[in-house]
Engineer: 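This structure is in structure tokens; I'll ask about it shortly.
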Amino acid sequence: RTGAITPVARIAPQMVGGVTVENVTLHNVGEVERLGLKIGDKVTITRRGDVIPKIIENLGPANQKDLENRFHANGDEFSIQLKQEQIIIPQLCPACERELVIDGAFLRCISLECEARTNRAITYWCRSLEMDGIGEKLVELLLDKGLISSIADLYSLEHHQISSLERMGDKSANNVIEELNKTKNLSLSKFLHALGMERIGPEVASVFAQHFITMEAILKWVDSGEIEQVTQIDGIGEKVAEIFKLGIQKRRQSIDDLMELIGINDEDSKHSGSLDNQTFCITGSHSRGRKEIALAIKNAGGKVVGSVSKNLDYLVAGEKAGSKLITAEGLGITIMTETELFEKIKPQKSSTSKTLFEF
DNA sequence: CTGTGCCCTTTCGTTCGGAG
DNA sequence: CTCCGAACGAAAGGGCACAG
């Protein structure tokens, strides 16, 4: 979507924290250089928070002995001829073969016509709008068959076009169309987020949406407005304002097409309720899905964050909570259960009348 | 100019459900 | 049975905004 090339290292199978790891994130091109990695090097790895495998240190060239007695997760023996080679940083995009550009620590394809980027943009659209069942593979299939070439094309898909695809049937096609129909009316903030502009995630999109209220106002600003009008918003600086403006301009055709197909609703004013000005982080497993819990918190005026810090007010911890719970305990943060959270929310459920009254 | 904190984005393995 | 996709677990690097 942003055109960044994200390198991944394949490593000989290694048990870490109870699972067999064969793929390790390298984050960005800068990281490869920082580690001075070569193919055939021996490395030490860890799993960040017992989850994502990451290289800590490069120990230099490996030898054949390092590869002995290693097995894939399914029990098959690992066998490969050890070779030592330089890593060649690609000059051209592996997908569209256009020239790549170094951007800080990242290596990017900046072509908007790149098929890989189109796929990412469409996948991101679907994921950010929480459509189930439309993933990378299906999008790739649709692109390959020429059934779509943009986000807007999704909304013209017909049942028979989807059901005739490999591994898709009547039922799957129905599900896909139903999911698409569900997104034919969007709030402005969701729409802006789903456009997938760099650095404009759900929070920032919401800030812009609250400022402009309507898509028409945004388009008007892009055509004639000054950057200054937007940099006055709390949390928005010159850079983000510029990215936003350029992002809308670059996507103008796409936005016009989408506005023909879907309704963009004016942004509601912020939710408020019993959890105003309080931050929550969710960890562990709960009876409700995380999305549902997060939504309930937001609807009550609370804020959901992804990590534990000293500024966090409450950690909602369920079963099998991991390091977040330990961190929170260390910081003296209030730990609550899912049940306690919903008890806190419940009493002021009828916020509609309250809001009306305030006006 | 610098430090702090926040936001965005991405990463892998396991497990499970839905469909073909 | 096989494939796909999603839901989980959770951190970190980059980069910005802003306060001091």
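Per chain, numbering begins at 1; letters A, B, ... match sequence-line order.
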Engineer: What's the closest nucleotide to the side chain of A:E203 if the choices are B:dT14, B:dC7, B:dT11?
Structural biologist: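 Within the option list, the nearest is B:dC7.
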Engineer: Check every atom of B:dT11, B:dG13, C:dG13 against the side chain of A:V21 and return the nucleotide holding the closest atom.
Structural biologist: B:dG13
Engineer: If only side-chain N and O atoms of A:N175 are considered, is one of them under 4.0 Å from the OP1 or OP2 phosphate oxygen of B:dG18?
Structural biologist: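 Indeed not, no polar side-chain atom of A:N175 lies that close.
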Engineer: Reckon A:N23 has a side-chain N or O less than 4.0 Å from the OP1 or OP2 of B:dG13?
Structural biologist: yes
Engineer: What integer distance in Å separates A:I227:CD1 from C:dA17:P?
Structural biologist: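 After rounding, the gap between these two atoms is 11 Å.
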Engineer: Other residues, nucleotides and ligands only: do more than 12 of their heavy atoms fall within 6.0 Å of CD on A:E228?
Structural biologist: no
Engineer: So that I know where these two stand, are A:Y124 and A:H193 an aromatic pair - ring centroids less than 6.0 Å apart?
Structural biologist: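 Yes, they do, as the ring centres are separated by less than 6.0 Å.
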Engineer: Any chance CD1 of A:I56 has more than 12 other-residue heavy atoms, nucleotides or ligands included, within less than 6.0 Å?
Structural biologist: yes
Engineer: On DNA chain B, check which nucleotide each of A:A205 and A:G18 is closest to and give me the residue with the more 5' one.
Structural biologist: A:A205
Engineer: Does A:K137 put a side-chain nitrogen or oxygen below 4.0 Å from OP1 or OP2 of B:dA19?
Structural biologist: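 For B:dA19, neither OP1 nor OP2 has a side-chain N or O of A:K137 closer than 4.0 Å.
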Engineer: Could you please name the option among C:dG15, C:dA10, C:dA12 that lies closest to any side-chain atom of A:T283?
Structural biologist: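 Selected nucleotide (nearest to the side chain): C:dA10.
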Engineer: Under 6.0 Å from the CD1 atom of A:I39, do we count more than 12 heavy atoms belonging to anything else shown?
Structural biologist: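 Buried by this count: over 12 neighbours within 6.0 Å.
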Engineer: Is the phosphate of B:dT14, meaning OP1 or OP2, less than 4.0 Å from a side-chain N or O of A:R47?
Structural biologist: no
Engineer: Nearest to the side chain of A:K171, heavy atoms from C-beta on, is which of B:dC6, B:dG20, B:dT14?
Structural biologist: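 Ranking B:dC6, B:dG20, B:dT14 by closest atom to the A:K171 side chain puts B:dG20 first.
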Engineer: Could you check which of B:dT9, C:dG5, C:dA10 has an atom nearest any side-chain atom of A:L138?
Structural biologist: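 Closest nucleotide to the A:L138 side chain: C:dG5.
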Engineer: Relative to the 5' end of DNA chain C, which residue comes earlier, A:G133 or A:D103, by the nucleotide with the nearest heavy atom?
Structural biologist: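 Closer to the 5' end of DNA chain C: A:G133.
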Engineer: Separation of A:E31 atom CD from B:dT10 atom P, in whole Å?
Structural biologist: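 Going from CD in A:E31 over to P in B:dT10 covers 16 Å.
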Engineer: Taking the side chain of A:D132 as its heavy atoms from C-beta onward, which of C:dA6, C:dG14, B:dT11 lies nearest to it?
Structural biologist: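 My answer, after comparing the listed nucleotides, is C:dA6.
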Engineer: Once you round it to whole Å, what is the distance between P of C:dC3 and CD of A:E136?
Structural biologist: 17 Å
Engineer: Taking CD in A:E68 as the centre, count heavy atoms belonging to other residues, nucleotides or ligands within less than 6.0 Å. Is the count above 12?
Structural biologist: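 Enclosed: over 12 neighbouring heavy atoms sit under 6.0 Å from CD of A:E68.
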Engineer: Kindly point out which of B:dA19, B:dC7, C:dG15 is positioned nearest to the side chain of A:S172?
Structural biologist: B:dA19
Engineer: When we call it a touch if two heavy atoms are under 4.0 Å apart, what does A:N174 touch: a base, just sugar-phosphate, or nothing?
Structural biologist: nothing
Engineer: Is any N or O donor-acceptor pair between the side chain of A:R48 and the base of B:dT11 shorter than 3.5 Å?
Structural biologist: yes
Engineer: A:I282 or A:N28: which one's nearest nucleotide on DNA chain C is closer to the 5' end?
Structural biologist: A:I282
Engineer: Roughly how many Å is it from CG in A:L165 to P in B:dA19, rounded to a whole number?
Structural biologist: 16 Å
Engineer: Quick one: label A:M131 by what it contacts on the DNA or RNA (base, sugar-phosphate, nothing), any heavy atom closer than 4.0 Å.
Structural biologist: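 Counting heavy atoms under 4.0 Å across all strands, the contact made by A:M131 is with sugar-phosphate only.
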Engineer: Kindly say if A:T6 contacts the phosphate of B:dT11, meaning a side-chain N or O under 4.0 Å from OP1 or OP2.
Structural biologist: yes
Engineer: In this structure, how many angstroms lie between the C1' atom of B:dA19 and the CG atom of A:L141, rounded?
Structural biologist: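 Result: 15 Å.
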Engineer: If you count the non-hydrogen atoms of other residues, nucleotides and ligands that lie under 6.0 Å from CD in A:E97, is the total more than 12?
Structural biologist: no
Engineer: What contact category does A:L26 fall into here, base, sugar-phosphate, or nothing, at under 4.0 angstrom with non-hydrogen atoms?
Structural biologist: nothing
Engineer: Over how many whole Å does the gap from A:I55 atom CD1 to B:dT11 atom C1' extend?
Structural biologist: 12 Å
Engineer: Identify whether any heavy atom of A:E166 sits under 4.0 Å from a base atom; if not, whether one sits that close to sugar-phosphate; answer base, sugar-phosphate or nothing.
Structural biologist: nothing
Engineer: In whole angstroms, how far is the P atom of C:dC4 from the CZ atom of A:R127?
Structural biologist: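 Going from A:R127 (CZ) to C:dC4 (P), I get 18 Å.
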Engineer: Please report the distance, rounded to the nearest Å, between CD1 in A:I236 and C1' in B:dC7.
Structural biologist: 10 Å
Engineer: Measuring from the side chain of A:R199 (C-beta onward, heavy atoms only), which nucleotide among B:dC7, B:dT11, C:dC16 has the closest atom?
Structural biologist: C:dC16
Engineer: In this structure, would A:F106 and A:L37 fall into the same cluster of hydrophobic residues linked by side-chain contacts under 4.5 Å?
Structural biologist: no
Engineer: For B:dG13, take OP1 and OP2 only and decide whether either is under 4.0 Å from a side-chain N or O of A:T20.
Structural biologist: no
Engineer: Tell me which nucleotide among B:dT14, B:dC6, C:dC16 gets nearest to the side chain of A:V240.
Structural biologist: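 Nearest nucleotide to the side chain: C:dC16.
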